[in-house]
Amino acid sequence: GGAAAAAYTINQSCRFNLADAAKLTASSFGTPTSTKIKSCSFWFKRSLVDDSENPYLFHWDTSASGQMYFETTGKLIISDQNVDVLKTNRVFRDPTAWTHVLFLVDTSQATAADMYTLYINGVEETSFATDNRASISQDSTTKWGGAVAAVIAGRATSGATFDGYLADVVLLDGTVGTVGSFGKTDDYGAFVPVNPSALTFGDNGFHLDFANSSALGNDVSGNDNDWTVANLAANDQVLDSPTDVLDNSIGNYCTFNPLRMGSGTLSEGNLKYTTVETVSSVCGTHPIFPGMKVRFEFYPAGDSDNFDNHIGIIEVDKVAGADMGNNVPRGGTVALDAYDLNPAVAGGSKGVRYVRNNTYSSVLADCDPGDTIGVYFDNSAGTLKFTIEDGALVSAATGIDTTKTWVVVHCSASTSSYTGASINFGQLDYEEDSVDTTYKDLATHNYPAPAILDPSAHVQATIYTGTGT
């Protein structure tokens, strides 16, 4: 997507980190407006996409549960009254995209298929691996939004924590919402949110917009159905959002990509990489197209010469199918023509050097443990520059092919367990001030708007029925 701003904007999201067991809890809700009718709407962006613990999005009641969680395959399962009502055929394994979910419950309906309906990005889901709607009795009491305890981004017992981002979480109690209550299709064919504040929330309804970083469980519906924060901090409010706002730096931000990674573990919303291997690499999610100028910050790991950090760029076409367990930026067994900075915080090679295909420059600038490395890549001039702790720009590489599309790549080459380097594309507060504001965050609001409004108008297949003449 490009910088096509939505009329209603979601200005932040909440980051949930599996390692922290981060979640929101409610000990109990009161008597609901309805025991049969609910609407649940929210946006999510997954970080860990191969979780073996079936990460939960919602868990209502522990005795007769209403649940929504991802199967290890990536399929979405929705349960109510201890029945797995629906399981999608579709899998949700994209760590680059925001997805909207609308789940409607109305057990007063006589037709089973009308009791539970699911919409993904504004389109009703009709293909299910499991469909047990017929096993739910008409007029039965749903556990969703009932007078029970509840958890968001986890379950009542330990484990199964959701790892990723959530935004604009809404529950309506006693109202069957419509797709138009929560979103619409814009001029580019994308599903975008609409303002839910005027909806009828009912007694147990809530709206979590995550706007208050000191109270991330704050309900802004007017009901004050606030949630208790567990293992979340103020910096878990991030600018990553399903909507683009250029002036406010709101958009879908780049992170490290778990689908383009060697051995290791990503955490903190895919912004931190840890591995016990001596050599392993991970790429970013967002492409850097010709003409783009991007800036990001890199926070090297370690405090000794055991930690050999590398951060740079690599051609996107050379990443597909590559063994990211090899020493990709420096060449190693797969020379993939990366342009790479090597900040060493200690030892005889202390300082930042430039590396290309395993050839090192002399030290270009000194750096110390805890220093912030500002990285500036200009894909119009073909240059890679950097800063250390708010210092001046230092040139590392020139002559980079500006007709190519690139992605960020980070390599660890430590001689001991790698404690983890972190990266920030602007979704968090920067440590440094920008030394050149023509370089932008690597996020969708800084991409050019698509030249074609609705691609389906140009590539949609049209079927004609012959007349036989």
Using side-chain contact (heavy atoms from CB on, under 4.5 Å) as the criterion, list what pairs up with Asn218, not counting sequence neighbours. Ala215, Val220, Asp226
Does any donor atom in the side chain of Asn257 or His286 lie under 3.5 Å from an acceptor atom in the other side chain? no
Any side-chain heavy atom of Leu259 within less than 4.5 Å of one from Thr96? no
Nearest heavy-atom neighbours spanning Glu389 and Gly370: OE2-O, 4.1 Å
For the student: nearest non-hydrogen atoms of Ile373 and Phe386, plus distance: CG2-CB, 4.4 Å
To the nearest 0.5 angstrom, please state how far the CG atom of Leu271 sits from the OG1 atom of Thr255. 6.5 Å
Tyr165 and Asn252 side chains, donor-acceptor separation under 3.5 Å: no
Do the side chain of Thr33 and the main chain of Gly202 share a donor and acceptor less than 3.5 angstrom apart? no
Distance in Å, Ile10 CD1 paired with Asp209 CG, rounded so as to fall on 0.5 Å steps: 9.5 Å
Show your reasoning for whether side chain to side chain contact (heavy atoms under 4.5 Å, CB included) applies to Thr372 and Tyr430. CA-CA 10 Å; Thr372 295; Tyr430 281 125; over 6 Å; no
Taking salt bridge (Lys or Arg N to Asp or Glu O under 4.0 Å) as the cut-off, I'd like each qualifying pair that reaches into residues 78-104, sequence neighbours left out, listed once. Glu71-Lys87, Arg90-Glu125
Donor-acceptor pair, side chain of His59 and main chain of Val151, under 3.5 angstrom: no
Under a 3.5 Å distance rule, please check whether Lys440 uses its side chain to pair with a backbone N or O of Thr437 as donor and acceptor. yes
Can you tell me if Asp168 uses its side chain to pair, donor with acceptor, with the backbone of Pro193 under 3.5 Å? no
Scan Tyr69, Tyr56, Phe70, Phe16 and name whichever one has a ring pair (Phe, Tyr, Trp, His ring centres under 6.0 Å) with Phe44. Phe70
Pairwise distance CD(Gln12) to CD(Gln237) - rounded to 0.5 angstrom: 5.0 Å
Do the side chain of Thr175 and the main chain of Leu172 share a donor and acceptor less than 3.5 angstrom apart? no
Minimum heavy-atom distance Gly74-Arg46, with the two atoms named: CA-NH1, 4.1 Å
Is the shortest side-chain heavy-atom distance between Met68 and Leu76 below 4.5 Å? yes
Test side chain to side chain contact (heavy atoms under 4.5 Å, CB included) on Val170 and Phe201; report intermediate values, then the result. CA-CA 9 Å; Val170 175; Phe201 288 89; 3.8 Å; yes
CG of Asp436 to OG1 of Thr387, rounded to nearest 0.5 Å, is 11.0 Å
Any residue meeting ring pair (Phe, Tyr, Trp, His ring centres under 6.0 Å) with Phe58, in chain and number order, not counting sequence neighbours: Phe42, Trp144
Considering all heavy atoms, the nearest Leu104-Gly177 contact: CD1-O, 3.3 Å
Evaluate the criterion side chain to side chain contact (heavy atoms under 4.5 Å, CB included) for residue pair Arg155 and Lys23; output intermediate values, then yes/no. CA-CA 9 Å; Arg155 64 183 178 190; Lys23 57 187 177 182; over 6 Å; no
Among Phe29, Phe103, Trp60, find the one that has a side chain to side chain contact (heavy atoms under 4.5 Å, CB included) with Leu171. Trp60
With a 4.5 Å heavy-atom cut-off, do Asp244 and Ile250 have their side chains touching? no
For Tyr376, run the ring pair (Phe, Tyr, Trp, His ring centres under 6.0 Å) check against Phe296, Phe298, Tyr439 and tell me which one passes. Tyr439
d(Leu48 CG, Ser267 OG) to nearest 0.5 Å is 10.0 Å
Applying ring-ring contact (aromatic ring centres under 6.0 Å, His included) as the test, list every pair that has at least one member in residues 243-262; sequence neighbours left out. Tyr253-His445, Phe256-His410
Is a side-chain N or O of Gln427 found less than 3.5 angstrom from the main chain of Phe425, in a donor-acceptor match? yes
Taking Arg133 for the side chain and Leu86 for the main chain, is one N or O donor matched with an acceptor at less than 3.5 Å? no
Of all heavy-atom pairs linking Ser47 and Gly164, the shortest is OG-CA, 3.3 Å
Is Asp173 salt-bridged to Lys38, cutoff N-O under 4.0 Å? yes
Going by atom types only, do Lys293 and Thr438 share a side-chain donor-acceptor pair under 3.5 Å? yes
Indicate the atoms forming the closest heavy-atom contact of Val194 with Ser181, along with that distance. CG2-O, 3.4 Å
Side chain of Asn223, backbone of Phe206: donor and acceptor closer than 3.5 Å? no
Using a distance-only test with no angle check, is there a side-chain donor-acceptor pair under 3.5 angstrom linking Asp240 and Ser13? no
Donor-acceptor under 3.5 Å (Asp219 side chain, His207 main chain): yes
Between Val123 and Phe191, is any pair of side-chain heavy atoms under 4.5 Å apart? no
Start with the C-alpha distance between Thr402 and Ser380, add both sets of side-chain angles, then the distance that settles side chain to side chain contact (heavy atoms under 4.5 Å, CB included), and finish with yes or no. CA-CA 6 Å; Thr402 59; Ser380 58; 5.6 Å; no
Have a look at Asn231 and tell me which of Asn17, Asp20, Asp236, Thr161 forms a side chain to side chain contact (heavy atoms under 4.5 Å, CB included) with it. Asp20
Report yes if some heavy atom in the side chain of Leu442 is under 4.5 Å from a heavy atom in the side chain of Met292; otherwise report no. yes
About how many Å separate OG1 of Thr405 and CD1 of Ile313, when rounded to the nearest 0.5 Å? 11.0 Å
Could you check whether any side-chain N or O of Glu432 sits under 3.5 Å from a backbone N or O of Asp390, counting only pairs where one atom can act as donor and the other as acceptor? yes
Of all residues at least two apart in sequence or in a different chain, which pass the side-chain hydrogen bond (donor to acceptor under 3.5 Å, both in side chains) check with Asn195? Ser197
Kindly indicate whether the side chain of Arg15, heavy atoms from C-beta on, has any atom under 4.5 Å from the side chain of Asn235. yes
Asn270 versus Pro258: any side-chain heavy-atom pair under 4.5 Å? yes
Would you say Pro55 and Asp163 make side-chain contact, with heavy atoms under 4.5 Å? no
The criterion is side-chain hydrogen bond (donor to acceptor under 3.5 Å, both in side chains); which residues satisfy it with Ser127, sequence neighbours excluded? Asn89
